[in-house]
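Everything on this sheet refers to the single structure shown next.
We name chains A, B, ... by the order of the sequence lines, and we start the count at 1 in each one.
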Amino acid sequence: MKRLPKSYYHQTAIKLAEEMLGKILVRKLNKTYLHCRIVETEAYMGTVDKASHAYKGKHTKRKMNLYQPGGSVYVYSIYGIYYCLNIVVNDQKSAESVFIRAVEPLNHLDTLQQNRPVKSKKTVDLTNGPSKLCQALIIDKSLNGINLATSDDIFLVSDGYHPDRIVKTQRINIDYAKEDKDNLWRFYIKGNDFISK
DNA sequence: GTAAAGATCCACT
DNA sequence: GTGGATCTTTACT
């Protein structure tokens with residue numbers, strides 16, 4: 001298994017959102033390496049995308065981590081209770097990012113289960129949503145600004161797997177984005193059980 | 001200082 | 001299918 005180099009992240013969000021499907025997200029917790037395959041993503045095109053936090057190049061305190069070099073992690077809190085994981089890509093001025101919506105756990109399912117105290121014991125409910133996977137992998141604001149190309153706590157590797165078929169569709173829950181909401185910037189692996197609704 | 005909304009999830013009818 | 005949780009961040013007075 002090979003870690004993806006810094007240069008990998010210097011492509012557009014649209015290209016990488018699709019390319020990252022099938023790659024493995026590694027999260028180190030207590031000397032244990034949790035492996036999850038990325039199965040669903042969305043592209044956010046930064047300053048030119050009405051759905052993006054960086055639309056029109058807005059800078060606020062929270063958004064500083066979007067204006068980082070490719071491979072940086074951008075975690076933000078939503079609805080006061082949850083977190084969402086983004087990977088900053090391309091040139092840092094454009095503030096593009098890939099939003100990780102769902103992953104498929106490959107090992108240590110018991111650990112993920114412990115991290116997410118909910119009634120459902122179904123495996124799919126562990127990571128089939130952007131905030132679910134953050135809970136299961138303990139991804140929070142402390143990871144903000146970390147770079148996947150150099151960190152040991154969280155990074156991406158490839159095992160050579162390539163999805164058979166990829167579905168392109170509209171992004172979810174971004175009605176506020178008006179004319180940008182219909183762009184086909186959501187990607188997922190067809191037939192995978194862990195796709196969010 | 002105050003108010004409003006949100007790249008979601010869960011429980012319940 | 002629907003509503004409530006819950007609080008950070010942002011925008012505006």
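Checking A:E104 against A:T127 by side-chain atom types alone, no donor-acceptor pair falls below 3.5 Å. Using modelled atom types and a 3.5 Å distance limit, the side chains of A:N30 and A:T32 yield no donor-acceptor pair.
A cation-pi arrangement is found for A:R37 relative to A:Y161, the charged atom lying closer than 6.0 Å to the ring centre and inside a 45° cone about the ring normal. Both tests do not hold together for A:R101 against A:F194: distance to the six-membered ring centre under 6.0 Å, angle to the ring axis within 45°.
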> If the sugar-phosphate is the primed atoms plus P, OP1 and OP2 and the base is the rest, what is the B/S/- string for nucleotides 1-13 of chain B, using protein heavy atoms under 4.0 Å?
Replying inline: -----BBBBSS--
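Between A:K141 and C:dT9 there is a side-chain polar atom (N or O) within less than 4.0 angstrom of OP1 or OP2.
A:K58 comes within 4.0 angstrom of the backbone, heavy atoms only, and of no base. Nucleic acid contact class of A:K181 (heavy atoms, under 4.0 Å, all strands): none.
At whole-Å resolution of the value, NZ in A:K61 and P in C:dA11 are 15 Å apart.
Under a 4.5 Å side-chain heavy-atom criterion applied to ILVMFWY residues, the cluster that includes A:Y55 comprises that residue alone. Hydrophobic side-chain contacts under 4.5 Å tie A:V157 into a cluster, directly or through other members, with A:M1, A:I24, A:V26, A:Y33, A:L106, A:F155.
When the side-chain contact (heavy atoms from CB on, under 4.5 Å) test is applied to A:H162, the partners found at least two apart in sequence or on another chain are A:E19, A:K23.
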> Reading DNA chain B 5' to 3', how would its secondary structure be written in dot-bracket notation, given Watson-Crick and G-U pairs with both distances under 3.5 Å, brackets [ ] for crossing pairs and | for partners on other strands?
Replying inline: ||||||.|||||.
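Within the structure, every pair that satisfies the side chain to side chain donor-acceptor pair (under 3.5 Å) test and touches residues 75-88 of chain A, not counting sequence neighbours, is listed here: A:N86-A:S97.
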